[in-house]
Amino acid sequence: MTASAQNSNAQDIDVGLLAPTPRHPDSRLETDWLFLYEKLPPNQWLSADYIYKTSFWLSIHADIRKRQHTLTQISDAYHAGDIEWSEYRSQISSRINQYIFKLHQHHNIEDTGYFPQFIRMYPQLKAGFEILDRDHVHLDALLNELQVLNSRLASNNTEDEALSKQVHQRLINTSELLSQHFTDEEDLVIPILGLN
Ligand SMILES: [Fe+2]
Ligand SMILES: [Fe+2]
């Protein structure tokens, strides 16, 4: 191998090592959209210089992730036989309503306020925000299904294991999409908040 070929290989490896990597293993974010993420990587988001600009967004996501986790725990406890139907219903039903309400409220603020503003600031990130918009549409459909199932649950005094399994499956579907959505969204949005 010639010296120039060796150099070229070394450069390729360097570029590969230096390229910013989004956090989610199935991230949809393209490398071209990560120029701000590169300037403000996740290990600095909560540092003293940035926390006052970034924490409100991260804490909303943390709150929704916590609610999601609690719902899954209650559902798991029922399916493991640790709690009875009546306790399962009383614990999960109102929490699902609050969870759906919080998510709709959060997406609405993003769709009508923040995302259009971010696209005006960084038109080159438009395609990234369109992915997040489509996630919201997909999440809305899942949440509507969850709402219908939860209304049936709230009015059902008789144990209905099939219904509880449907609720569980919708919670899993929502959780998987939310995990990808929140992570990609944070990788795009938090550097914008921190650096402006
Ligand atoms: Fe979002
Ligand atoms: Fe969000």
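Position 1 is the first residue of the sequence; numbering continues from there. Bear in mind the structure is a predicted one, so any value in this text is a computation, not a measurement. Note that ligands are numbered from 1 as they come in the structure, with each ligand's atoms numbered from 1 the same way.
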N/O/S atom of H107 inside 2.8 Å of the Fe ion (ligand 1), strictly under: no
N/O/S from E185 sitting under 2.8 Å away from the Fe ion (ligand 1): yes
Min side-chain heavy-atom separation T174-L139 under 4.5 Å: yes
Atom nearest to the Fe ion (ligand 1) - E110, N, O or S atoms considered: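 It is OE1 of E110.
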Modelled atom types, side-chain donor and acceptor of H181 and H138, under 3.5 Å: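 Their side chains do not contain a donor-acceptor pair, so the 3.5 Å distance test is not met.
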Q147-N97 side chain donor-acceptor pair, cut-off 3.5 Å: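 The criterion, which ignores hydrogens and geometry beyond distance, is satisfied for N97 and Q147.
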Q73 atom CD: more than 12 heavy-atom contacts under 6.0 Å: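 Above 12, so yes.
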S155 side chain to S151 backbone, donor-acceptor under 3.5 Å: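 Yes, because the side chain of S155 sits within donor-acceptor range (under 3.5 Å) of the backbone of S151.
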Angle at the Fe ion (ligand 2) (to 10°), with one arm to NE2 of H61 and the other to NE2 of H106: 90°
N/O/S from H181 sitting under 2.8 Å away from the Fe ion (ligand 2): no
